[in-house]
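Bear in mind that the values here come from a model prediction, so they are computed numbers and not experimental data. Quick note: residue numbers are just sequence positions, from 1. Atoms within each ligand, like the ligands themselves, are counted from 1 in listed order.
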Amino acid sequence: MRKIQFFDTTLRDGEQTPGVNFNTKEKIQIAMQLEKWGIDVIEAGFPIASQGDFEAVKAIAESAKRMTVVGLARCQKKDIDRAYEALKNAVDPQIHTFLATSNVHMEYKLKMTKEEVIASIKEHVGYARTLFEKVQFSPEDASRTDRDFLLEAVQTAIDAGATIINVPDTVGYSNPTEYGGIFKYLIENIKSDQEITFSSHCHDDLGMATANALAAIENGANRVEGAVNGIGERAGNTALEEVALALHIRKDFYGCESNIVLNETKRTSDLVSRLSGIPVPRNKAIIGDNAYAHESGIHQDGVLKNPETYEIITPTLVGVSQNSLPLGKLSGRHAFVEKLKELGYQLSEEETKAAFIRFKDLADKKKQITDQDLIALLTDQSREESETCKLANVQVQYSSGGYQGAIVSIIDAEGTTKVASKIGSGSIQAIYNAIDELFQHDPQLAEYEIQAITGGEDAQAEVRVTLNDRETKQVFRGIGIDFDVLQASAKAYIQASNQMKEQE
Ligand code: KIV
Ligand code: ZN
């Protein structure tokens, strides 16, 4: 059976989702989970983009044990050198160079002629090859590129030393028949003494990213690029979990396999959703809450008689509801540490100590601590540790008529406590007005969502907010988790406010 390599770009293209900003610790945590999930190649970032990106790529390069670690680079020497510096200690480093080849990109964005683009590919892929064994080249906006010129650009990259050719549908413009046809055309027409790996990279603007990736595989691509939960620029990238399951469930049709450990899928998705702040829609294929729920009587009857009547994927196959050992008030440190290991966390002694205190506090209020509760608790702890200003206290004065009042205190980076009091039409508005006063800003609250982390009366609340900077239009997201809805709301808003402050 053909083996399809899975290339994950959650930390690069996925991080290009508006409002998504992973810190280095979160990136390493996601990378380690991706390795457990069976990802073959991870695009850890764009090293030249910022010092933070450089450090994260370097840290992942030094931690990955099995995965190939990739850094993105434009066709510029300084990008390639920076990627080399970040990746040189990786077990298996790879560079991903790209240059646009469509007429609209060359004319308006690059202001380069076809001849200049070809010369640049030759020069920079050649240079990258002097530093890296594995060089990938992407003709950006390939799906809107003239076919003959696309072939010329790809052939130039191969002649200069690239052995991996990625074909991006940069703006999500293509469809399965057309996109598959591009692979067929390139594979039939390139000339090379070496084996060339063809890779798909699709965006979901027309809702066809997964279908296009599968069409590429049908037409000879042996590598698929995408992101967990399909996050990414605009409508996002191919959702890798969808491709993994499609190949598995329809092995009869595709005749391909992968290294993906399917029962790590839900855990991987949950982690990315929590750390990115992008919720997974309930009806999302494979990992949405409703994906395994049967509502109609006819369906329920059928599933009870034989699950295969309406279920093509069993929830356990993708790791849904694998709450093997729920913890409770009487669970000791040993059981807690074992659970952390089972969930894939590697915490320092100090972090474990802090997490155990939080866990005990939670267990006092909640009878059974599920995996979801623990993941939420650890995410909350890790986010709070990296925050510049932390929530100290919230006090609300409620009246069933008229305005509500709130007093909020925060501790800033110097350890100074600052207090503000404000009124609002509702308690949450009063709290948010007080926080705005403390941060001295006035963002627009674009989204406010609240949901229970688990079922049951004693469930914790998870609040997600999105703030828009009125001037720069930048988007900032925050998540707050707590038993109390008001406290969770304050935490989420402070998290997003901290990020906004850092950008000023
Ligand atoms: O969508 C795209 O074209 C990209 C390239 C950098 C590969 O993300
Ligand atoms: Zn992309």
Side-chain angles (χ1 to χ4, degrees), residues 5-18 20 41-50 53 57 68-76 79-80 82-83 87 94-106 108-110 112 117 120-121 124-125 128 134-145 149-150 153-154 157 162-175 178-179 182-183 186 197-210 212-213 216 221 223-240 242-243 276 278:
Q5 297 171 21
F6 274 62
F7 175 118
D8 183 279
T9 185
T10 305
L11 300 180
R12 199 278 297 168
D13 214 324
E15 208 196 22
Q16 287 173 220
T17 311
V20 172
V41 188
I42 180 174
E43 187 161 53
F46 190 4
I48 193 92
S50 69
D53 246 46
V57 176
T68 302
V69 183
V70 177
L72 184 69
R74 291 167 299 185
C75 275
Q76 294 191 14
D79 285 35
I80 297 167
R82 197 74 175 139
L87 291 164
Q94 189 208 291
I95 190 161
H96 177 186
T97 52
F98 71 100
L99 189 62
T101 49
S102 66
N103 286 340
V104 65
H105 276 239
M106 289 189 295
Y108 294 99
K109 186 184 80 172
L110 299 176
M112 284 168 87
V117 165
S120 178
I121 296 171
H124 294 102
V125 170
K134 290 185 177 175
V135 178
Q136 167 170 329
F137 174 72
S138 289
E140 193 191 1
D141 206 14
S143 54
R144 293 195 297 168
T145 298
F149 184 59
L150 183 63
V154 165
T163 52
I164 306 148
I165 298 296
N166 180 45
V167 182
D169 181 25
T170 304
V171 291
Y173 175 76
S174 208
N175 61 55
E178 182 186 71
Y179 192 62
I182 299 176
F183 280 82
L186 290 177
T197 301
F198 278 86
S199 176
S200 77
H201 179 108
C202 303
H203 282 268
D204 207 31
D205 299 67
L206 291 174
M208 290 191 269
T210 298
N212 286 343
R223 183 183 271 195
V224 57
E225 295 194 9
V228 177
N229 301 339
I231 64 170
E233 190 81 46
R234 301 181 316 279
N237 283 75
T238 300
L240 284 184
E242 293 180 2
V243 179
S276 65
I278 306 287

For H201, is at least one N or O under 3.5 Å away from an N or O on ligand 1? yes
Taking all non-hydrogen atoms of both residues, which atom of L11 and which atom of E15 are closest, and how far apart? O-CB, 3.5 Å
Under 2.8 Å from the Zn ion (ligand 2) - does any N, O or S atom of E233 fall there? no
Does the N or O separation between E140 and ligand 1 drop below 3.5 Å for any pair? no
So, are R12 and E225 salt-bridged, with charged N and O less than 4.0 Å apart? no
Minimum-distance N/O/S atom that D13 presents toward the Zn ion (ligand 2): OD2
Side chain of T97, backbone of Q136: donor and acceptor closer than 3.5 Å? yes
Any side-chain to backbone donor/acceptor pair from S200 onto V224? Under 3.5 Å, distance only. no
Within ligand 1, which atoms have a heavy atom of H203 less than 4.0 Å away? 1 (O)
Ignoring angles and geometry beyond distance, decide whether D13 reaches within less than 3.5 Å of ligand 1 through its nitrogen or oxygen atoms. yes
Should R12 be listed as contacting ligand 1, given a heavy-atom distance under 4.0 Å as the test? yes
Can you find an N or O of T170 that's nearer than 3.5 Å to an N or O of ligand 1? yes
Considering only N, O or S atoms, which atom of H201 is nearest to the Zn ion (ligand 2)? NE2
Could you check T170, N175, D169 and say which one makes a side chain to side chain donor-acceptor pair (under 3.5 Å) with S143? D169
So does R74 get a backbone contact from the side chain of D79, meaning a donor-acceptor N/O pair under 3.5 Å? yes
Verify, without hydrogens or angle tests, whether N212 (side chain) and C202 (backbone) share a donor-acceptor contact under 3.5 angstrom. no
Would you check whether H96 has a nitrogen or oxygen atom less than 3.5 angstrom from a nitrogen or oxygen atom of ligand 1? no
